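Every value quoted in this text rests on a predicted model; they were computed, and no experiment measured them. Each chain gets a letter, A, B and so on, in the order its sequence line appears, and its residues count up from 1.
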Amino acid sequence: MPKGHGADVAGSRQTGGVYAVLSRGPGGITLSEFDKDGRPLKPGRTVEHLATEVARLERDRPRWVWDDTSTWYPGLLRAGVRVERCVDLRLCRAILRNSALAAASELAAAPPDAWDKATPDARASSGALFDLDEPESTGGPVEEFARQRRTIAATSDPARIGLLLAAESAGALIAAEMRFAGLPWSSAEHDRMLTVLLGPRPRAGERPTRMLSLLERVRTILGAPDLNPDSPPDVLKALAAAGIPAESSRSWELQKIDHPVIGPLLEYKKLARLLSANGWNWLDANVTGERFHPDFVPGGVVTGRWASKGGGGALQLPKQVRGAVIADPGWKLVVADAAQLEPRILAALSGDRGMIEAGTADDCNLVTVGAASSGGDLYAGIVASGAVDTREHAKVAMLGAMYGATSGEAGRLLPRLARTYPRAIAFVEEAARAGERGETVSTRLGRSSPRGAVTGYDETATEADTSKRRTQSKSWGRFTRNFVVQGTAAEWALCWMAGLRGRLRAFGGDGFLTDEPHLVFFLHDEVVVHCPADRADAVETEIRAAAADAGRLLFGRLPIEFPLTVAIVDNYGEAK
DNA sequence: TATTTAAGCGCC
DNA sequence: AAAGGGCGCTTAAATA
């Protein structure tokens, strides 16, 4: 393992190493303290005023251990209490339960129990709350914490999995803090944009004027006065009746058709999407006090990416409306995204020197966006290597390699890419083959893919069965191929963000979260920090330093670069 | 009528 | 012959 894995993900010194376990029981909240080896420091005691007690103990910088950050931390934040670090037992359990690094541990062999269940909230929405078959609980947070410590100690690489668990838990804190702080949102600007594009806000159930006039044109051209444009079958029927053959009413299908109705129809669909997904109803439901409070779900995706839930659609915020994200007066938004993150992750994972070199700054491929950028444009570097002839081809070929494309342009370009970067391509190919064989694959830090549904061959299978299975196996191979890259990129992003949080905290001053520079948004490979204007340059420096830290945490001394595109703006829409 | 599924499209 | 990974949300359509 490369050097650097023992470092604390938040960039802070390890002090004391005290774990403060919080549990809820019939008798109220209990606090138990343990040393880093899991030995009890003092008898557990009942906590009367949680926020007060947490604030008092936080001065000793313990790691707070609780079942689920989303049920403990929001209340603490509302009470004005932040914590530096935690162990989220549910998130850690999910990783440890499945990790190949812990395959020989007691946890891997243990039967499923209540700790494997989703959060109570998710259980309620999935209708499984009253599952009478739920197995006997295998203890509270104290027992589970001890079990996880034993499991970690027994893994083949405790530092590696430990970094992942720390990053995952830090992510849970960050998600809660971002929801608490909220993304600055100008409802007036949002309304103005909607009015320009759609016309004034109509009464409930009515279409805005711009949509009505487009619809009128579509109905006239097609000779279908009763056409319901929001019903795909209805649209297909009307098109067919007008002699326009269409496979589906998908935009990219319609775009290929040369007919006067296509223009207004596509424009209608675009506006209909804006209205239903991010129109006035969205604004009413999701913006309060000029803040949008995104509901992130750390670890919500099998690969380790975050998911989101609720009508806000935090991870699908369209570029169209980002102009409504406006910094407070005297404040700025610092928007940073990692340039070509996934291809760089693949270069690092595979140790492909040529691809690493292609992503390294030199005269021919220096990133020109952001004056202080280090690191090159990876795609330009690939072009410079002679593997492909244009930047667009480099991009298509790389994405195809990571997603498992075999046909089309990506399929045609892949052999050339494989000749120039054999190790990188072999790496994803091997991940795909493993998936096809029904094996699991793992990310850099040890998150493993779920067991696939790929089954062995069976003599009684018909030819159709065999063919179907081959298709499924190929499909699962594309999943595992992508899993290693997407999952490791998610780990990099978690380390980046966790490190940034620590850095912002360290230079933030004495104010509470929202009085200081703080994270307000995250989008897989992009972060947004809201900060006083005079701190923006310093924040940019910290963001870049955190990215460099993340690269070292995952890949040690490997000379892989993770350049960022950083924009200091008043509104999110200005950042491209 | 209530709930589930599918289509379509937004994000990375 | 074709063969692109991961998500969530809204609306319409299908099903219970």
Query raised in the report: Atom CH2 of A/Trp252 and atom P of B/dA7: how far apart are they, to the nearest Å?
Result: 12 Å

Query raised in the report: C/dG5 phosphate, OP1 or OP2: any side-chain N/O from A/Arg478 under 4.0 angstrom?
Result: yes

**Report entry** Selected nucleotide, minimal atom distance to A/Pro318 side chain, candidates C/dG6, B/dC11, C/dG8
**Finding:** B/dC11

Query raised in the report: Would you say A/Thr195's side chain and A/Asp191's backbone share a donor-acceptor pair under 3.5 angstrom?
Result: yes

Report task. Figure out the CZ/C1' separation between A/Arg207 and C/dT10, and round it to whole Å. Result -> 15 Å

Query - Side-chain donor or acceptor of A/Arg423 paired with backbone N/O of A/Ser350 under 3.5 Å - result: yes

Query raised in the report: Contact class for A/Leu317 vs. all strands (heavy atom < 4.0 Å): base, sugar-phosphate, or nothing?
Result: sugar-phosphate

Query raised in the report: CZ of A/Arg273 versus P of C/dG8: gap in Å, rounded?
Result: 14 Å

Report task. Answer with base, sugar-phosphate or nothing: what part of the nucleic acid does A/Gly411 contact at a heavy-atom distance below 4.0 Å? Result -> nothing

Requested in this report: Rounded to the nearest angstrom, tell me the gap between atom CH2 in A/Trp306 and atom P in B/dC12.
Outcome: 16 Å

Query raised in the report: How is A/Val485 classified with respect to the nucleic acid when contacts are heavy atoms under 4.0 Å: base, sugar-phosphate, or nothing?
Result: nothing

Query raised in the report: Looking for any heavy atom pair under 4.0 Å, which part of the strands does A/Gly404 touch: base, sugar-phosphate only, or nothing?
Result: sugar-phosphate

Query raised in the report: C/dC9 P sits how many Å from A/Asn286 CG, rounded?
Result: 10 Å

Report task. Would you say whether A/Tyr403 stacks on C/dG4? The test is a distance between ring centres of less than 5.5 Å and an angle between planes of less than 30°. Result -> no

Query - side-chain N/O A/Ser248 vs B/dA7 OP1/OP2, d < 4.0 Å - result: no

**Report entry** Whole angstrom value for the distance that separates P of C/dA3 from CG of A/Asn482
**Finding:** 18 Å

Query raised in the report: The side chain of A/Lys319 lies closest to which of these nucleotides: B/dC11, C/dG4, B/dG8?
Result: B/dC11

Query raised in the report: According to a strict under-4.0 Å criterion, is A/Lys269 in side-chain N/O contact with OP1 or OP2 of B/dC9?
Result: yes

Query - Criterion ring pair (Phe, Tyr, Trp, His ring centres under 6.0 Å) on A/Trp282 and A/Phe292, from CA distance to verdict - result: CA-CA 10 Å; A/Trp282 182 94; A/Phe292 166 51; 5.1 Å; yes

Report summary line: Regarding the side chain of A/Glu526, the nearest nucleotide among B/dC12, C/dG8, C/dG6 is B/dC12

Report task. Kindly say if A/Thr303 contacts the phosphate of C/dG6, meaning a side-chain N or O under 4.0 Å from OP1 or OP2. Result -> no

Report task. Please round to the nearest 0.5 Å and tell me the distance separating atom NE2 of A/His524 and atom CG of A/Leu315. Result -> 4.5 Å

Query raised in the report: OP1 or OP2 of C/dC9 sitting under 4.0 Å from any side-chain N/O of A/Lys309?
Result: no

Query raised in the report: Which nucleotide in the list C/dA12, C/dG8, C/dG6 gets nearest to the side chain of A/Gln316?
Result: C/dG8

Query - A/Glu168 and A/Arg93 ion-paired at < 4.0 Å - result: no

Query - Touch class at under 4.0 angstrom, heavy-atom based, for A/Thr406 against every strand present - result: base

Report summary line: Of the listed C/dG6, B/dC12, C/dG8, the closest approach to the A/Asp525 side chain comes from B/dC12

Report task. Pick base, sugar-phosphate or nothing for A/Ser251, based on heavy-atom distances below 4.0 Å to the nucleic acid. Result -> sugar-phosphate

Query raised in the report: Would a distance-only check, ignoring hydrogens and angles, find a side-chain to backbone donor-acceptor pair under 3.5 Å from A/Thr69 to A/Leu173?
Result: no

**Report entry** Separation of B/dC9 C1' from A/Arg250 CZ (nearest whole Å)
**Finding:** 10 Å

Query raised in the report: B/dC12 base to A/Arg305 side chain: any donor-acceptor pair below 3.5 Å?
Result: yes

Report summary line: Here the distance between atom C1' of B/dG10 and atom CG of A/Leu271, to the nearest Å, is 15 Å

Query raised in the report: Considering only C/dG4, C/dA12, B/dC12, which nucleotide approaches the side chain of A/Ser231 most closely?
Result: C/dA12

**Report entry** A/Asp230/A/Arg207 ion pair, N-O < 4.0 Å
**Finding:** yes

Report task. Consider the side chain of A/Gln486, meaning its heavy atoms from C-beta on, and name the nucleotide among C/dG5, C/dG4, B/dC12 that approaches it most closely. Result -> C/dG5

Query raised in the report: Within less than 4.0 Å of OP1 or OP2 of B/dG8, is there a side-chain N or O belonging to A/Ser249?
Result: yes

Query raised in the report: Under 4.0 Å between a side-chain N or O of A/Arg481 and OP1 or OP2 of C/dG5?
Result: no

Query - Which nucleotide in C/dG4, C/dG8, B/dG8 has an atom nearest any side-chain atom of A/Ala307 - result: C/dG8

Query raised in the report: Below 4.0 angstrom from OP1 or OP2 of C/dA3, is there any side-chain N or O of A/Ser407?
Result: yes

